[in-house]
Amino acid sequence: MGILQGKGIWTLYDDITAATDVAASVGADYILCKVSSRGIYNEARASTALTAVRSRGLRPVAWTYSYLDDVEGEAQCAVRALMAGFEAFIIDAEASINGKSVQAHQLSQRLIQLGVDTSKIYLCTDPRIDSKIDEIPMRQLAPVCRGGFIPMIYGEIMPNDRANAPRVLMENAYANFSRHQSELGYTDALLPAIASYWDNQGHARMNYAELKRWCDEAQARQPAFVSLYRAGVTATDAWRAFAELVTVRGRGVGATVVSSMDETV
């Protein structure tokens, strides 16, 4: 099992303060910080994020949107982030790397050559594995992303049926993972990432009742770690839904139920 346990909040560059301000009241220990520009480590932004997160007694996690245009650069991004003090590193693998299986394999091999602790690397990608596994090079990245599998179970996938989307997408994500779990080499359950909006620009924001349905669907599956994308696009009243979400840390190894609720959120 990877180190991520409990709850985390995703950020880009301009909403770290928003995330750190609300983290304690919603029970989030981890702040997920983007540390790259086109996959290459950004020293200034990473340093700013580390300082902001640590100053609030929270735990920093680095993430990068992968392009695989510069394999060595992306490998060094992971190395530098972990050396700087980020506790884990998430590779966000989306359509930008469709078909780049050779480069993905090269990245995995290079990370191993560099001696990176692969239990600290996580694979974040599309939950529709059945249809995406031959496009996004999940098979090539999974061997080096041993921390765990983080599918992006977002409302933007199914925005026109808001009432049923949380249940349908969560069920499908778990079913897809079950079919490919062995192939990808994962023994632990998936770690759902949910979002607080319905469109891919983050403009159609969910209210409390809407996000609550997503949180309840995630909680029903007793995840060890749930993350919310992202601080800057979460409506004020929706944070309460994330605060009410309960995770099960150390699932299968002496589990501890963890939650937090603060009416001031």
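Worth saying up front: this structure is predicted, and the values here are computed from it rather than measured.
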Non-neighbouring partners of [X] that pass side-chain contact (heavy atoms from CB on, under 4.5 Å), sequence neighbours left out:
{"X": "Ser196", "answer": "Leu211, Leu228, Val233, Thr234"}
{"X": "His180", "answer": "Ile129, Asp130, Ile133, Glu183, Leu184"}
{"X": "Ala173", "answer": "Pro127, Ile153"}
{"X": "Arg213", "answer": "Pro166, Glu210"}

Inset, instruction - Only counting residues at least two apart or in another chain, list the ones meeting side-chain hydrogen bond (donor to acceptor under 3.5 Å, both in side chains) with Asp134. - result: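 Checked Asp134 against side-chain hydrogen bond (donor to acceptor under 3.5 Å, both in side chains); matches are Arg139.
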Inset, instruction - Apply side-chain hydrogen bond (donor to acceptor under 3.5 Å, both in side chains) to Asn164 and list each qualifying residue two or more places apart in sequence or on a separate chain. - result: Asp161
Enumerate the residue pairs fulfilling ring-ring contact (aromatic ring centres under 6.0 Å, His included) with a member in [range], sequence neighbours excluded, ordered by first and then second residue.
{"range": "residues 126-153", "result": "Phe149-Phe177, Phe149-Tyr186"}
{"range": "residues 81-111", "result": "none"}
{"range": "residues 2-27", "result": "Trp10-Trp63, Trp10-Tyr229"}

Inset, instruction - Provide the full list of salt bridge (Lys or Arg N to Asp or Glu O under 4.0 Å) pairs with a residue in residues 89-108, sequence neighbours left out, each pair given once. - result: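 Those involving residues 89-108 are Asp69-Lys100.
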Legend entry - Pairs involving residues 109-122, ordered by first then second residue, that meet salt bridge (Lys or Arg N to Asp or Glu O under 4.0 Å) (sequence neighbours left out): Glu72-Arg110
Legend entry - Short N-O contact, Arg59 and Glu87, less than 4.0 angstrom: yes
Legend entry - Asp199 side chain reached by Glu156 side chain, heavy atoms, under 4.5 Å: no
Legend entry - Minimum side-chain heavy-atom gap Arg162-Trp198 below 4.5 Å: yes
Inset, instruction - Test the Arg38-Tyr67 pair against the cation-pi criterion, namely NZ or CZ under 6.0 angstrom from the six-membered ring centroid and within 45° of the ring axis. - result: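 Relative to the ring axis of Tyr67, which defines the angle, Arg38 lies inside both limits.
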Inset, instruction - Establish, yes or no, whether the cationic atom of Arg80 lies under 6.0 Å from the six-membered ring centre of Tyr41 and within 45° of the ring axis. - result: no
Inset, instruction - State whether a side-chain donor-acceptor pair under 3.5 Å links Glu244 with Tyr208. - result: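 On atom types as modelled, these side chains qualify, holding a pair under 3.5 Å.
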For residues 50-57, dump all side-chain donor-acceptor pairs below 3.5 Å to protein atoms at least two apart in sequence or in another chain.
unit_1, atom_1, unit_2, atom_2, d
Thr51, OG1, Ser47, O, 3.1
Ser55, OG, Thr51, O, 3.3
Ser55, OG, Ala52, O, 2.9
Arg56, NH1, Asp21, OD1, 2.7
Arg56, NH2, Asp21, OD1, 3.4

